[in-house]
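Working notes for the structure below.
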Amino acid sequence: MELKDLYRDVILDHNRQPRNFGRLDPADATADGHNPLCGDRLTVSLRLTGDKITDIRFEGKGCAISTASASLMSEAVKGRDRGAVHELFNHIHALLTQTNAPVDESLGKLAALSGVREFPSRVKCASLCWHTLNAALAQGGTISTEGGNESSSEVLR
Ligand code: ZN
C-alpha cells in the first residue's frame with residue numbers, strides 16, 4: 001500500500017472511531033496538552049503498574065490529525081513500560097520532523113503519521129499527544145506547543 005493511501009485511510013479511520021477515547025477515573029497520572037496554533041486540546045490519563053502503562057485514555061477536541069495520532073498512540077503504548085514508550089517517542093519524533101528519515105516497517109500503523117511531514121504546519125497536531133503522554137509520565141500538568149501564559153507550561157520544539 002502506498003504511504004499516502006495508508007496515511008489517508010488510517011487518519012480517517014482513527015478520527016472517525018478514536019480508540020481508547022475517554023478518561024480514566026481514578027487515574028495514576030494525567031496531563032493536558034494544548035496546541036494553540038490549531039486549537040487542539042487533549043487530556044491523557046494513565047493507569048500504571050510499576051513502570052508499565054496498563055491502561056490509557058484520551059479525550060479532548062482537536063483536528064483529525066491530533067485525534068487520529070492520539071488514538072494510534074493509545075493503541076501503541078498500552079502494555080509498554082516507560083523505557084519502551086520513550087524509545088517509541090523518539091522514533092515518532094524523528095518520523096514527524098526529519099523529512100529524510102526512513103519509515104520503519106516495525107511501526108505498523110504508526111508509520112502512517114509520517115504522511116504529516118508533507119504538511120509542516122500539522123506536525124504539532126500529530127506530536128501533541130506524545131508530548132502530553134510524556135508530561136503525564138513525568139509529573140502531570142499542562143503542556144503547550146507554544147509556551148505562553150499557561151501555568152507550568154513547557155515550550156515544545
Ligand atoms: Zn490540529
Side-chain angles (χ1 to χ4, degrees), residues 1-24 27 29-46 53 55-78 80 85-104 107-157:
M1 194 187 250
E2 288 279 321
L3 199 56
K4 261 186 189 159
D5 297 332
L6 179 72
Y7 171 71
R8 197 194 51 223
D9 290 354
V10 170
I11 299 290
L12 284 178
D13 173 36
H14 280 259
N15 179 51
R16 212 175 285 147
Q17 287 186 288
R19 320 300 198 265
N20 304 301
F21 193 84
R23 184 188 279 258
L24 292 168
T30 61
D32 299 311
H34 182 208
N35 172 18
L37 287 184
C38 178
D40 310 314
R41 279 188 186 276
L42 56 91
T43 300
V44 171
S45 52
L46 303 175
I53 297 176
D55 208 356
I56 176 169
R57 298 269 195 287
F58 77 97
E59 65 179 2
K61 273 190 169 52
C63 64
I65 291 170
S66 71
T67 301
S69 181
S71 173
L72 286 162
M73 178 189 79
S74 71
E75 283 191 326
V77 303
K78 201 187 279 192
R80 296 204 195 207
V85 169
H86 188 71
E87 218 166 88
L88 191 58
F89 174 86
N90 288 336
H91 215 129
I92 295 295
H93 199 256
L95 188 75
L96 291 174
T97 55
Q98 294 168 16
T99 23
N100 295 317
V103 176
D104 189 335
L107 286 172
K109 276 191 284 179
L110 285 170
L113 291 175
S114 65
V116 173
R117 288 193 291 211
E118 290 182 37
F119 313 98
S121 64
R122 312 313 293 274
V123 167
K124 284 176 177 172
C125 300
S127 64
L128 177 66
C129 61
W130 294 89
H131 288 295
T132 310
L133 172 64
N134 261 6
L137 286 172
Q139 82 289 354
T142 301
I143 59 104
S144 170
T145 54
E146 304 305 312
N149 54 12
E150 277 179 77
S151 61
S152 74
S153 63
E154 179 191 325
V155 183
L156 308 171
R157 296 197 164 80

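Nothing here was measured: the structure is a model prediction, and the numbers come from that model. Just follow the structure's listing: the first ligand is 1, and inside any ligand the first atom is 1.
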By ring pair (Phe, Tyr, Trp, His ring centres under 6.0 Å) - contacts of F21 (at least two apart):
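F21 satisfies ring pair (Phe, Tyr, Trp, His ring centres under 6.0 Å) with F58 once adjacent residues are dropped.
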
Hey, is E146 close enough to K124 for a salt bridge, meaning N to O under 4.0 Å?
yes

Partners of R23 by salt bridge (Lys or Arg N to Asp or Glu O under 4.0 Å), sequence neighbours excluded?
E59

With the Zn ion (ligand 1) as the centre, enumerate protein N/O/S atoms below 2.8 Å in chain and residue order.
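Result, waters dropped: C38 SG, D40 OD1, D40 OD2, C63 SG, C125 SG.
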
Minimum side-chain heavy-atom gap V103-R117 below 4.5 Å
yes

Do any N or O atoms from the side chain of S66 and from the backbone of C63 form a donor-acceptor pair under 3.5 angstrom?
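Yes, because the side chain of S66 sits within donor-acceptor range (under 3.5 Å) of the backbone of C63.
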
Side chain to side chain contact (heavy atoms under 4.5 Å, CB included) partners of D55, counting only residues at least two apart:
L24, R47, R57, K78

